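Please read all numbers here as calculations on a predicted model, not as lab measurements. Below, chains carry the letters A, B, ... as their sequence lines are ordered, and counting in each starts from 1.
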Amino acid sequence: MLNKQQIRFCLDTMGEMFPDAHCELNHRNPFELVIAVSLSAQCTDVLVNKVTATLFEKYKTPEDYLAVSLEELQNDIRSIGLYRNKAKNIRKLCQMLLEDYGGILPQDRDELTKFPGVGRKTANVVVSVAFGIPAIAVDTHVERVSKRLGFCKWKDSVLEVEKTLMKKVPKEEWSATHHRMIFFGRYHCKAQNPQCEICPLLEVCREGKKRMKGKDKIG
DNA sequence: CTCCCGATAT
DNA sequence: ATATCAGGAG
């Protein structure tokens with residue numbers, strides 16, 4: 001497990017590697033963001049943006065999503081995958097938004113998780129990106145990076161990873177940290193082919209050093 | 001834990 | 001062919 005100063009070094013370095021880390025899901029308002037993030041489950045941002053480019057022209061309000069059949073909405077998001085659950089969730093979300101929230105998306109993490117298809121991670125993204133509330137959304141990249149570097153234990157749950165990060169990182173840096181770790185995981189510390197050979201964090205990375213040792217025999 | 005699921009990279 | 005992708009619900 002890395003100490004607080006080692007974690008600080010890692011996060012600062014990630015910031016230098018990806019100074020423009022940001023939310024890569026295209027959206028124009030909080031409503032579009034919560035739709036985009038719920039669509040992004042087990043799917044790449046690139047593909048979500050490809051779909052929402054046309055989706056957000058066709059559907060601009062909660063009423064618009066409720067005006068078509070479930071099959072039509074399924075068809076409009078089919079290429080995303082998991083489209084049956086996602087279409088059903090979006091309809092229910094729109095219905096709840098109109099009936100229980102006056103069409104206004106609540107700016108509270110725990111309130112947002114009451115919507116179907118919106119779990120803790122999605123809610124954290126929405127409050128952080130749309131409303132500027134400090135939060136650390138732990139997605140597949142943040143979890144992988146945290147565990148490889150040794151920010152937390154290998155067996156920690158995503159909630160435990162989030163708690164650890166919140167404890168080790170100042171609150172005003174939560175959102176920036178979250179995006180830095182996503183970019184670091186997505187473009188450098190990748191799931192399949194991590195760039196350990198050119199990684200500036202190799203000296204503190206337990207998993208990276210382990211991987212490098214295994215390659216000594218080859219080359 | 002399993003299921004949902006198409007697109008893309010490896 | 002298989003792994004992975006800004007997960008969530010039952």
Are OP1 or OP2 of C:dG8 and a side-chain N or O of A:T122 less than 4.0 angstrom apart?
yes
Can you check the A:L93 CG to C:dA9 C1' distance for me, whole Å?
15 Å
Indicate yes or no for a side-chain donor-acceptor contact from A:R78 to the backbone of A:R84 under 3.5 Å, with no hydrogens or angles considered.
no
Pairwise P distance for C:dA1 and B:dC4, with rounding to whole Å
23 Å
Under 4.0 Å protein heavy-atom contacts per nucleotide of nucleotides 3-9 of chain B, with B for base, S for backbone only and - for none
-BBBSS-
By the 4.0 Å heavy-atom rule, please label A:F183 as base, sugar-phosphate, or nothing.
nothing
Expressed in angstrom and rounded to an integer, what is the separation of A:D139 atom CG from C:dC5 atom P?
9 Å
Using ring centroids (six-membered ring only for Trp), state whether A:F183 and A:H188 fall under 6.0 Å.
no
For the pair A:T61 and A:D64, evaluate side chain to side chain donor-acceptor pair (under 3.5 Å) and give the outcome as yes or no after the intermediate values.
CA-CA 5 Å; A:T61 67; A:D64 292 338; 3.3 Å; yes
C1' atoms of B:dC1 and C:dA6, separation to the nearest Å:
23 Å
Using heavy-atom distances to pick each residue's nearest nucleotide on DNA chain C, tell me which of A:H178 and A:P116 is more 5'.
A:H178
How do A:G117 and A:L25 order along DNA chain C: which one's closest nucleotide is nearer the 5' end?
A:L25
Strictly below 4.0 Å, N to O, side chains only: are A:K60 and A:E57 in salt-bridge contact?
yes
If I take atom CG in residue A:L112 and atom P in nucleotide C:dG8, what distance separates them, rounded to the nearest angstrom?
12 Å
Please report the distance separating the C1' of C:dG10 from the corresponding atom of B:dG6, rounded so that it comes out in whole Å.
22 Å
In whole Å, what is the span from the NZ atom of A:K92 to the P atom of C:dG8?
18 Å
When rounded to whole Å, the CD to P distance for the pair A:E24 and C:dA6 reads 9 Å
Whole angstrom value for the distance that separates P of B:dC1 from NZ of A:K155:
10 Å
Should the ring pair A:F31 and A:Y65 be called parallel, tilted or perpendicular, given that the plane angle runs from 0 to 90° and is split at 30 and 60?
perpendicular
Atom NZ of A:K190 to atom P of C:dA6: distance rounded to whole Å?
12 Å
Any salt bridge between A:R180 and A:E173, counting N to O under 4.0 Å?
no
Any salt bridge between A:K58 and A:D76, counting N to O under 4.0 Å?
yes
Distance in angstrom units between A:I35 CD1 and C:dG7 C1', rounded:
16 Å
